[in-house]
Structures are given as structure tokens and as C-alpha cells.
Amino acid sequence: MAGKSARECGVAEKRLRVIATRRLPEPVEARLAAMFDFVPGPAEAPLSREALDTALGTAEVLITTLSDRIDADRLVAAGTGLRLLANFGAGVDHLDVAAAARRGIAVTNTPDVATEDTADVAMVLILAVTRRLPEAFALLQSNQWEGWSPDLLLGGRIAGRRLGILGMGRIGQAVARRAAAFGMEIGYNNRNRLPEAVETALGARWWPSLDQMIAQCDVLSINCPHTPATYHLVNARRIALMKPGAVVVNTSRGEVIDENALTRALRAGEIGGAGLDVFEKRREINPRLRALPNAVLLPHMGSATVEGRVAMGERVIANIIALANGAEPPDLVTPRNA
Ligand code: 8YV
């Protein structure tokens, strides 16, 4: 498809002004440039406030990422021509979808395409914490490994452990499939119970009470989106319910966990460890958390595969093409499903 013209792609001839806030994969940018009046974003950092305001004021479609916080106040800068915030990513908690809707601006996201990659990283974190991988890397890098010994870096076996999945959407279910293959027992807590056939296929048990699930599981995997209802769902009270030795893994959004409460519990040895790909204040990670040997921290790379990023770009393009053709974009996010 790269290089095809708007006409060949079935897009109306008037070229929409599409501005991206970040650089996107090369084939995705090539397609956007062939079809639209496309302005790529800078590679190295998010747009400054001023540059974001200018982009909001001049774009018809703005391709956003999670590094662009666009709330109601920011939307004041939107020009009358702005019709779509096409988010490059599934989570839209950085965008005020309701405020956008009030201004007649649609919001789309890129569901599905990061499911398997994000679930892989959840497993990476479960294994890295329980098998103490960072300590192992550090030992070799320090050149102080004295060879095999019977008690060196003993971790825990994950087979037979109970996994509690908080949020059993696509990613939660992909984590369940992987964890089952590793011999874990799967439980989940979700707003709605899954159909029985899906539960059976996944071998997953529904816990109607999050408190009860948290108190029973050995590993808690956070896979629900961040919404006002899930903010600090894993708070100090719930962390205190966890078994000593339990592990918390988060590949969703940092805000779902009270990061300071988690740090306190880890430092006090009240729980066993944490594997985090996301943080409450993005790059401003609690330094005490960063210093802990039983906290494995990753730089938000759950969906960071070449294939995933290109697929995200394809979803963005499909949404813009639909808009350009006067059709409903396939991945429309409404205030109700945001
Ligand atoms: C993306 C994510 O990389 O899709 C999401 O919601 O959290 C990430 O994996 C990010 O959103 C890009 O904007």
C-alpha cells in the first residue's frame, strides 16, 4: 500500500490535514503522506505545549499518543476544522473524550493490535520477578559470579501458583492463556463475568470480589484500563490483604496502583515483589521503588514490537480513511466506552 495515492486507496480527493505529534513507523508515515496532507511529528520528544496548541489549531486530524495530555482546557486551542483525535494506542485516559465530543471532535484508538505483545510483557515481568532476573544480570555484569552454587539466586516456581487477573478484557485473556501454559491457576476479577464457555476455555475462575481474589492470589496482574473507577483500585488497604510473598505485575496504567503504598509494602517486605511497565507519574518514578531489588521496572514497552507499532499505525489509517469518506471510524471511542 505504501505510496498509493488517495484515489487508489478510495479516499476522497480533498486531502485532510493530518498532523502527528510523534514520528510513526516509516511505512505508516509513507502511507499517510501519500493519502493526506500529512505533517509528521518530531521523533525525539513529545510536542511542547505551544506546538501542541498549534497542531490542535491547524489539524483536521491529530494523531496523538499517550504523551499528549489533551484535557478540556487544552481543547480550547482546537480549531474549528479539527474533526478527529486518532490515538496511536489503545488507552485513551490522556484524552478528555467527553470534552472532545462536546466540541464535535471524534476520538479513535487502536484496540486488538497490542494484545499479544502486552501479554508477553506481563509474562516477562511475572518470570523476571519470581526468577530474580535483574539480580542475575547485575551479578554477571559486576563480574563477581563465582560459578554455580546450590543456593545461588533461588527464585520461586510459578507452576501451581495462583494468578489473579484484574481486568479480563483482550489483554487479560491473553495473559490467562500464557499463564495457563506455564501451569498457573487462573482467577479473574472483572466488572462483568465472562460467558461460561470462555471461562472454561481459559480454565479461569471468576472472583466477584476483588478483595477476596487479592487475598488469595500469589501473583496479581493488572490488565484493566485506567478510568475514574479504576484509579488506585490497588490501594494500601488492598495491598495489605495480599499474601506475604505475593507479586504484583502492571502492564496497564500506573494510576491503577497507589505506587507509594506499593513501594512501602515492598520495602517493608510485606509482599514479595513487583513487575511494573507503567508508573503513576510516567517517568517520575518513586526513587525508593527504583532502588528495590525485588521491583523489576520497564520503560513502558508492553506494545513495543515492530509488528505491533506498524499494526497500530494501520488502525490509525483505517480510522482516518473512514472519516475522510464520511463513514464511522471503526475504532470510535465514545464517552461511554472511554
Ligand atoms: C502504546 C499503550 O505504546 O496502547 C496503549 O494504550 O499503553 C501503549 O502500549 C501507547 O499507548 C502509545 O500511545
Side-chain angles (χ1 to χ4, degrees), residues 18-26 28-29 32 40-47 52 55-56 59 61-71 74 84-97 100 107-125 166-175 221-227 230-231 249-257 259 275-283 285 297-320 329-333 337-338:
V18 176
I19 301 181
T21 64
R22 300 298 286 265
R23 289 309 296 262
L24 303 174
E26 193 277 322
V28 173
E29 289 197 343
L32 285 164
E44 55 296 335
L47 292 181
L52 183 57
L56 280 163
V61 175
L62 187 67
I63 302 178
T64 56
T65 72
L66 60 73
S67 20
D68 311 302
R69 183 151 297 282
I70 303 182
D71 51 21
R74 186 97 311 195
L84 174 66
L85 298 176
N87 191 54
F88 180 79
V92 290
D93 53 330
H94 53 294
L95 305 175
D96 189 331
V97 178
V107 175
T108 55
N109 68 344
T110 59
D112 300 326
V113 288
T115 301
E116 304 300 324
D117 298 330
T118 307
D120 285 347
V121 170
M123 282 314 296
V124 163
L125 287 170
L166 171 52
M168 199 62 153
R170 297 182 190 90
I171 298 175
Q173 292 179 36
V175 173
S221 176
I222 314 290
N223 299 107
C224 59
H226 166 223
T227 66
T230 64
Y231 177 75
V249 164
N250 190 2
T251 50
S252 165
R253 284 293 181 270
E255 289 91 335
V256 180
I257 303 182
E259 197 170 289
L276 307 174
D277 187 42
V278 285
F279 306 94
E280 210 178 323
K281 300 206 168 68
R282 308 287 183 257
R283 285 168 54 213
I285 301 168
L297 311 183
L298 298 180
H300 197 152
M301 52 188 285
S303 66
T305 65
V306 174
E307 296 86 345
R309 289 280 185 265
V310 171
M312 283 161 68
E314 293 297 332
R315 293 294 282 242
V316 167
I317 291 172
N319 285 307
I320 304 175
D331 303 314
L332 197 59
V333 180
N337 68 9

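Whatever order the structure lists ligands and atoms in, that order sets their numbers, starting from 1.
- In this structure, R309 is part of the shell of residues with a heavy atom less than 4.0 angstrom from ligand 1.
- Inclusion of G91 in the set of residues having an N or O under 3.5 Å from an N or O of ligand 1 is warranted.
- Checked options T108, L85, V92; the residue passing with V333 is V92 (criterion: side chain to side chain contact (heavy atoms under 4.5 Å, CB included)).
- Some N or O of L66 is nearer than 3.5 Å to an N or O of ligand 1, by distance alone.
- Residues passing the side chain to side chain donor-acceptor pair (under 3.5 Å) test with N319 are D331, sequence neighbours excluded.
- Remark: ligand 1 and S303 share an N or O pair separated by less than 3.5 Å (distance only, no angle test).
- A distance of 6.0 Å separates CG of L62 from OG1 of T21, quoted to the nearest 0.5 Å.
- Both the backbone and the side chain of A90 come within 4.0 Å of ligand 1, counting heavy atoms alone.
- Every atom of ligand 1 with a heavy atom of G89 under 4.0 Å away is listed here by number and element: 4 (O), 11 (O).
- Ligand-side atoms of ligand 1 in range of T65: 13 (O), range being under 4.0 angstrom from any heavy atom.
- The nearest heavy-atom contact from the protein to atom 13 (O) of ligand 1 is F88 O, 2.6 Å.
- What sits closest to atom 7 (O) of ligand 1 on the protein, heavy atoms only, is R253 NH1, 2.7 Å.
- Counting all heavy atoms, side chain and backbone alike, M312 lies closest to V113 at CG-CG2, 3.6 Å.
- Minimum interatomic distance between H226 and S252 (heavy atoms only, all atoms of both residues): N-OG, 4.5 Å.
- Closest non-hydrogen pair, P42 versus L47, comes out as CD-CD2, 3.4 Å.
- For D112, the side chain to side chain donor-acceptor pair (under 3.5 Å) partners two or more places apart in sequence, or in a different chain, are R170, R315.
- Near H300, meaning under 4.0 Å from any of its heavy atoms, are these atoms of ligand 1: 2 (C), 7 (O), 8 (C), 9 (O).
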